[in-house]
Amino acid sequence: MPTFVYMTRCDGCGQCVDICPSDIMHIDPVVRRAYNIEPNMCWECYSCVKACPHNAIDVRGYADFAPLGHSVRVQRDEEKGVIAWRIIFRNGEKDMNLLAPITTKPWGKHIPQLADVPSPSQDMRDSELLFNEPKYIRFDDGGLHTLEKAGLQLKVGVYE
Amino acid sequence: MAYKTVVEDGIDVLVCGAGLGGTGAAFEARYWGKDKKIVVAEKANIDRSGAVAQGLYAINCYMGTRFGENNPEDHVRYARIDLMGMVREDLLFDMARHVDSTVHQFEEWGLPLMRNPKTGAYQREGRWQIMIHGESYKPIVAEAAKKSADQVFNRVCITHLLMDEAKENRVAGAVGFNVRTGNYHVFKSKTVVVAAGGASNIFKPRSVGEGAGRVWYAPWSSGSAYGLMIGAGAKMTQMENRIVLARFKDGYGPVGAYFLHLKTYTQNGMGEEYESKWFPALEKMVGKRYLDVEASHLSHRPIPTCLRNHAFINEVNAGRGPIHMVTMEAFQDPHLEEIGWHNFLGMTVGQAVLWAATDVDPKYENPELTTSEPYVMGSHATGCGAWCSGPEDISPPDYFWGYNRMTTVEGLFGAGDAVGGTPHAFSSGSFTEGRLAAKAACKYIDDGKGEGIRVSDEQINRRKEEIYKPMEHYKVYRNEITAGSVNPHYINPRQGLDRLQKLMDEYCGGVTVSYMTNEKLLNIGLKKLKLLEEDLEKIAAENIHELLRAWELKHRHLTSEAVMHHTLFRKETRWPGYYYRGDVMKVDDENWHVLTVSRRDPETGEYTMEKAPLYHLIDDKPEAKAA
């Protein structure tokens, strides 16, 4: 199946259940461990793999086309802001480590609380501008594009 | 059923679905409606939901106007030619002029965008695409939405929109159920922004059995954007414009960065370039306007995506497959090799899993490509969705009824996959559309248009009974058989999905018939869809999780029916390579240079089809011939 859970590592914390976009990671009521209840609706998106605090979840390729014996593992570290991948081929000849940033800034601190910013004026409301525009568009002329500015005319012609 | 009813009253803006469109709507709504009650309902968890759940390695819609790269009108010209003329240019222009501000915000929030060290501009992958380290794309934008909304209801699957009983054709909220607790949720709201997903898995996928979930678009995108709006009687457009993708075989890994940034190219099984030889004959079918073989070479005018598919499909059918992506040259550069792998890990991990499993190292072996099964969506290179009003300063009267992105149902707005005629929005464009819809929704309320909404208990109770009916049905009939899943009184959601996929595939131009259909086949398909609709009344859900699948299937069914009707109505093959009408193979600009619009009567289920005018607001730019 696409995702599966190692019995000895899982403690049934439910973080995979909480995050799975497809609602297929569930806790088995008998053994109290997580498992994938519907492999054929799993996208191998790795959301649960990244969320698991015990590295208990792994993925193997789909049985209808992927042979056994490979590994694509991931570690996601929000404190350091990095994600690390390790890919091992079935024949063992390729073993790659890849590292990428997941955010350039501390989590959440740079997202504005719009409830705290000044209210938009009536002019803003009547205009076509969105929050913090035109500043955030950073057009060279500072304004919003209109057909007129682009030297274009509304060409009213039905079916053509 | 012993499930609680949870009523959330007095909502101003209800956002259904919290992918990129929904997060954009929730974020922006707070700015224009500080005093307003903004609520988000999402069937998964907002931190990792929607098509961008596993990340993206590129933002595919960025103008770069500040760097002098493109202007919004250029984007309209590009999307128009790619869709063989059929786009809502007002909506496209409007999205394009705002999308840069969205991307600049993303960078400020911490999304790692790559820069070109020489120019200082964002690293371009192609003319419209910039490269990002986007593994955390969704959690970052989700954080913005969470900070803006009054409340986010995770794991609440919206099944129906509520309609106002004080005023005809006005929305009044939505209902659904919690997929964990089973509780019935009622949201009474003055406006609703539908930002749910397009439809994967309505056509039979190439993968089978366990692999059925390895599709290109997320398997949890169940066509709810369409199911909800069609069910409420909103007019839909371009539903025949389904998309077929050329992708790495089996894993559905993206090819964009490979073609554009890594400069890879394709060849047939004999190692030959094949694409151009299919174009002269195709030019006769679609006309010089859309494919001018000579001029395209001289001007670098892009060839529409569907026409490139046409060449691919025909070459394979001629027995000269498989088509290979030539990666062996580019991957000799270690930097490009690393980018090639990161590209998958950032957005389609399954492709990396597949190559590791099959020992395909693209450095030493050219991987196979394939064409996917069709998908129905409105934000990638295709424009299915609701017929929406455009912005005040651009739209001609036929396209304008007061509020930007409002559908033909009052108070009901769309974003992302939900808006028709706006292809090439992708993630940044969907977020931008959400912002535009939210501003318009707040204006709608400020203008007093949402006053006096009335929803009776009768409507709420009727929907409740309807929602839980599959569980009741299961309970009543399960004991007629000993055990197992074969029952004369019901089918389960998986069986229903298999049936839907088979009939869409065979009658509506899926992969096993080489994307070919005709009037006769479509009429049979519609008849079978009606029978399936009757059986969906008898669908059985063993538990709440199956109830979720049952409602996803019902949304997929409504979407499929619209696709069939639209494909039947448009009597031409407008997008060869996406689908073919075998009985009307040629593009017919004289009669069909129009948008198609449908409405399903919510009471009778009857379809009304009409043509809508296609206004070209942006002139063709004179092409620099032999520049």
Side-chain angles (χ1 to χ4, degrees), chain A residues 1-2 18-19 21-23 39-47 59 61-67 70 72 83 85 87-91 94 98 100-105 108 110-111 113-115 119-120 128 130-131 133 136-140 144-147 150 152 154-156 158-160, chain B residues 28 30-31 34 44-45 48-49 53-54 65-66 72-73 97-98 100-101 104-105 108-110 112 133 135-136 143-144 147-148 179 207-214 218-220 250 341-342 345 349-350 352-354 356-357 359 361 391 393-394 396 435 545 548 593-594 613-614 616-618:
Chain A
M1 65 192 69
D18 188 45
I19 203 71
S22 196
D23 191 43
N40 60 13
M41 287 301 270
C42 174
W43 205 32
E44 290 176 333
C45 75
Y46 274 66
S47 294
V59 174
Y62 289 96
D64 65 328
F65 50 75
H70 56 281
V72 177
I83 186 159
W85 294 90
I87 304 171
I88 305 173
F89 272 45
R90 169 185 161 87
N91 61 13
K94 201 162 184 104
L98 294 155
I102 57 177
T103 170
T104 55
K105 295 181 175 173
H110 294 267
I111 293 172
Q113 288 272 14
L114 292 189
S119 286
E128 297 294 331
L130 295 175
F131 165 66
E133 286 182 349
Y136 270 64
I137 304 178
R138 299 180 214 154
F139 285 146
D140 293 338
L144 188 71
H145 268 251
T146 60
L147 289 177
L152 299 164
L154 191 79
K155 193 177 149 196
V156 180
V158 181
Y159 305 139
E160 184 46 358
Chain B
E28 190 78 16
R30 177 55 70 217
Y31 181 64
K34 282 205 196 305
N45 182 329
R48 290 275 183 189
S49 64
Q54 61 179 310
T65 304
R66 67 178 292 215
E73 55 272 22
R97 65 179 171 173
H98 293 287
D100 281 11
S101 78
H104 299 152
Q105 273 188 151
E108 196 167 291
W109 296 347
H133 290 288
E135 188 278 336
S136 296
E143 185 120 20
K147 281 189 168 172
S148 286
V179 306
S207 302
V208 295
E210 183 186 278
R214 179 96 296 273
W220 50 83
D250 292 336
W341 281 98
H342 269 305
L345 300 174
V349 192
V353 173
L354 174 69
D359 295 329
D361 184 346
D393 66 330
I394 298 177
R435 299 177 66 193
H545 175 74
L548 167 70
H593 199 79
V594 291
L614 181 57
H616 293 308
L617 308 179
I618 309 293

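Letters A, B, ... mirror the listed sequences (proteins, then strands); counts begin at 1.
- Only the side chain of Tyr46(A) comes within less than 4.5 Å of a heavy atom of chain B; its backbone N, CA, C and O stay farther away.
- No side-chain donor-acceptor contact under 3.5 Å links Thr104(A) to the backbone of Pro112(B).
- Contact of Leu354(B) with chain A is made through the side chain alone, with heavy-atom distances under 4.5 Å.
- Closest non-hydrogen pair, Val208(B) versus Asp64(A), comes out as N-OD2, 2.9 Å.
- When each of Arg214(B), His133(B), Glu143(B) is scored by its heavy-atom pairs under 4.5 Å with chain A, the top score falls to Arg214(B).
- Only the side chain of Ile83(A) comes within contact range of chain B, judged by heavy atoms closer than 4.5 Å.
- Taking CD1 of Ile19(A) as the reference point, atom CZ of Arg48(B) lies at 7.0 Å (rounded to 0.5 Å).
- The aromatic ring centroids of Trp341(B) and Trp85(A) lie 6.0 Å or more from each other.
- With a 4.5 Å cut-off on non-hydrogen atoms, Ile87(A) touches chain B through its side chain but not through its backbone.
- Interatomic distance, Ser101(B) OG to Ile137(A) CD1, rounded to the nearest 0.5 Å: 5.0 Å.
- Glu44(A) places none of its side-chain heavy atoms less than 4.5 Å from the side chain of Val349(B).
- Here Leu98(A) contributes atom CG and Leu345(B) contributes atom CG; the two are 6.0 Å apart, rounded to the nearest 0.5 Å.
- Across Ala115(A), Pro101(A), Ser47(A), the residue that shares the most heavy-atom pairs under 4.5 angstrom with chain B is Pro101(A).
- Remark: Lys105(A) does not engage Glu108(B) in a salt bridge, criterion side-chain N to carboxylate O under 4.0 Å.
- Here Gly211(B) is the residue among Ala212(B), Gly350(B), Gly211(B) with the most heavy-atom pairs under 4.5 Å with chain A.
- For the pair Ala357(B) and Arg90(A), the tightest heavy-atom approach, listed with the atom from each and the gap, is O-CD, 3.0 Å.
- Note: Glu128(A) leads Lys94(A), Glu128(A), His110(A) in heavy-atom pairs under 4.5 Å with chain B.
- Side chains of Leu114(A) and Lys147(B) form no contact here, defined as non-hydrogen atoms less than 4.5 Å apart.
- Heavy atoms only, all atoms of each residue included: Gln54(B) and Cys45(A) are closest at CB-O, 3.2 Å.
- Put simply, the side chain of Pro2(A) reaches to within 4.5 Å of the side chain of Glu210(B), judged on heavy atoms.
- Pairing each heavy atom of Ala144(B) with each of Ile111(A), the nearest pair is CA-CG2, 3.5 Å.
- Considering all non-hydrogen atoms of both residues, Ser119(A) and Lys34(B) come closest at OG-CE, 3.2 Å.
- At a 4.5 Å heavy-atom cutoff, the contact between Ser207(B) and chain A is made by backbone and side-chain atoms alike.
- Considering all non-hydrogen atoms of both residues, Asp18(A) and Asn45(B) come closest at O-ND2, 3.1 Å.
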side-chain contact (heavy atoms from CB on, under 4.5 Å) between Arg30(B) and Phe131(A), intermediate numbers included: CA-CA 10 Å; Arg30(B) 177 55 70 217; Phe131(A) 165 66; over 6 Å; no
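- Of the possible polar contacts, none joining the His342(B) side chain to the Ala100(A) backbone as a donor-acceptor pair under 3.5 Å is found.
- The CG atom of Asp23(A) sits 13.0 Å away from atom OG of Ser49(B), with the distance rounded to the nearest 0.5 Å.
- Between chain B and the residues Cys42(A), Ala66(A), Ser22(A), the largest count of heavy-atom pairs under 4.5 Å involves Ser22(A).
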